[in-house]
Amino acid sequence: MAEVKVSPYLYIAPFFIVFAIVGLFPLLYTAWVSTRHWDLLGGDMGGSGVANYSYVLAQPRFWKALGNTFSIFVLSSVPQVIAAILIAAVLNANLRARTFWRMGVLVPYVVAPVAVSLIFGQLFADQSGAVNSVLTAIGLPAISWHGAGLWPHVAIASMVNFRWTGYNALIFLAAMQAIPQDLIEAAVVDGAGRVQTFLRITVPMLRPTIIFVVITSTIGGLQIFDEPRMFDTGGMGGADRQWMTLSMYLYELGWGSQMNMGRSAAVAWLLFLVIVIFALINFAVTRRISSTGTATPRRRNRAARRSGTRTTGGNR
């Protein structure tokens with residue numbers, strides 16, 4: 001009897017052991033380093049309390065990196081989710097060579113982020129980029145993709161969308177294939193068109209998958225590093241740090257001129273707290289949507305039971 005009670009915990013123990021070693025321990029160790037005067041070359045030089053956090057929060061560059069991170073995140077995540085749903089709807093239709101097209105949308109995800117950044121860096125070059133060549137050819141002014149403003153964020157977001165849209169499209173495709181065809185056929189019989197069926201049947205049934213993709217996109221988008229790092233030859237986020245993200249600022253503090261691992265760890269923990277806040281918001285939205293979707297049937301069942309009980313009681 002004791003073996004039956006203990007065996008489930010033994011089955012899941014390897015995951016928690018590996019997570020404690022490669023996940024939980026580095027997280028706690030980084031929190032401890034963030035309270036120390038820790039030089040990259042000299043090592044631990046004593047405690048600092050919250051001085052590292054005070055220093056980081058007082059730096060305008062930190063808040064600029066935070067704003068850049070949110071801007072790139074919004075420009076990449078919102079179009080990415082919409083495009084992924086539309087691509088999944090096309091792949092879910094009766095296409096010829098469906099397997100080929102489904103494999104094709106996953107090719108950008110396989111390409112290394114550095115290669116994608118190098119290619120898009122040439123496409124969005126200020127002087128000889130292909131995008132500016134097309135714009136000038138049709139009579140539009142060239143855009144300073146590496147200058148100030150929103151355009152560098154748009155270029156970096158396009159890299160992220162290129163890599164991850166196909167991956168998320170396959171996730172939505174799997175969710176669409178799990179939708180019962182009876183619902184769609186019933187909508188068609190009732191006279192609903194393709195657009196109405198997609199908006200009224202398919203999209204509401206994708207709510208849990210949409211929430212999952214939004215949460216994972218949030219976590220990955222707030223940790224973006226490769227694309228903005230490789231967007232120019234300097235790799236510092238622009239001359240005025242106009243596209244520096246929090247992950248890049250973390251790298252600059254720890255491995256740049258300061259070589260201050262304590263301050264770098266403080267930025268890492270602040271970024272972790274930002275991600276946790278967004279995860280909690282998404283979790284609350286998830287619970288609200290799921291409760292909204294399941295509360296109505298439960299209430300109907302309860303009401304039916306109560307009405308049946310009352311009817312039976314009246315007959316008695």
Can you say whether the rings of Trp164 and Tyr167 are parallel (under 30°), tilted (30 to 60°) or perpendicular (over 60°)? perpendicular
To the nearest 0.5 Å, tell me how far Gln258 CD sits from Leu40 CG. 12.0 Å
Check: Trp255 and Met261 side chains under 4.5 Å, non-hydrogen atoms: yes
Could you walk me through whether Val267 and Arg263 pass side-chain contact (heavy atoms from CB on, under 4.5 Å), step by step? CA-CA 6 Å; Val267 175; Arg263 294 173 180 175; 5.8 Å; no
How about Val107 and Val110: do any of their side-chain heavy atoms sit closer than 4.5 Å? no
Does atom CD of Gln122 have more than 12 heavy-atom neighbours from other groups under 6.0 Å away? no
Does a sphere of radius 6.0 Å around CE in Met45 hold more than 12 heavy atoms from other residues, nucleotides or ligands, not counting ones at 6.0 Å or beyond? yes
Would you give the length of the straight line joining atom CE of Met248 to atom CG of Asn68, rounded to the nearest 0.5 angstrom? 9.5 Å
Which class fits the ring pair Phe120 and Phe162: parallel under 30°, tilted 30 to 60°, perpendicular over 60°? tilted
Are Val131 and Ile143 close enough that some pair of their side-chain heavy atoms sits under 4.5 Å apart? no
Where does the angle between the aromatic ring planes of Trp269 and Phe272 fall among parallel (under 30°), tilted (30 to 60°) and perpendicular (over 60°)? perpendicular
Which pairs with one or both residues in residues 192-226 pass ring-ring contact (aromatic ring centres under 6.0 Å, His included), sequence neighbours excluded? Phe225-Tyr251
Here the gap from Lys64 atom NZ to Arg241 atom CZ, rounded to the nearest 0.5 Å, amounts to 9.0 Å
Heavy-atom check, side chain of Met230 versus side chain of Met159, under 4.5 Å: no
State whether the side chain of Thr165 and the backbone N or O of Ala84 hold a donor-acceptor pair below 3.5 Å, judged by distance alone. no
Criterion side-chain contact (heavy atoms from CB on, under 4.5 Å) on Leu75 and Leu150, from CA distance to verdict: CA-CA 10 Å; Leu75 291 173; Leu150 193 64; 3.9 Å; yes
For Asn52 and Trp38, test the side chains for any donor-to-acceptor distance below 3.5 angstrom and give the result as yes or no. no
With side chains defined as the heavy atoms from C-beta onward, is the minimum distance between Ile85 and Thr202 less than 4.5 Å? no
Chi angles and distances behind the side-chain contact (heavy atoms from CB on, under 4.5 Å) call for Trp151, Ser144: CA-CA 7 Å; Trp151 291 117; Ser144 179; over 6 Å; no
Hey, do the aromatic rings of Phe231 and His146 have their centres closer than 6.0 Å? yes
Tell me, with the steps shown, if Leu246 and Leu222 meet side-chain contact (heavy atoms from CB on, under 4.5 Å). CA-CA 8 Å; Leu246 282 178; Leu222 295 177; over 6 Å; no
Kindly state each residue pair satisfying ring-ring contact (aromatic ring centres under 6.0 Å, His included) with at least one member in residues 69-102, sequence neighbours excluded. Phe70-Phe278
Measuring only between side-chain heavy atoms, which start at C-beta, is Asn168 closer than 4.5 Å to Ile171? yes
Report yes if the side chains of Leu253 and Asn260 come closer than 4.5 Å at any heavy-atom pair, otherwise no. no
Side-chain heavy atoms of Glu227 within contact of Val116, under 4.5 Å: no
Residue list, side chain to side chain donor-acceptor pair (under 3.5 Å) with Gln242, at least two apart or on another chain: none
With rounding to the nearest 0.5 angstrom, report the CZ to CG distance, Arg163 to Leu106. 11.0 Å
Distance-only, no hydrogens or angles: does the Asn161 side chain make a donor-acceptor pair with backbone N or O of Ala157 under 3.5 Å? yes
Just verifying a value: how many Å separate Asp232 CG and Ser117 OG, rounded to the nearest 0.5 Å? 10.5 Å
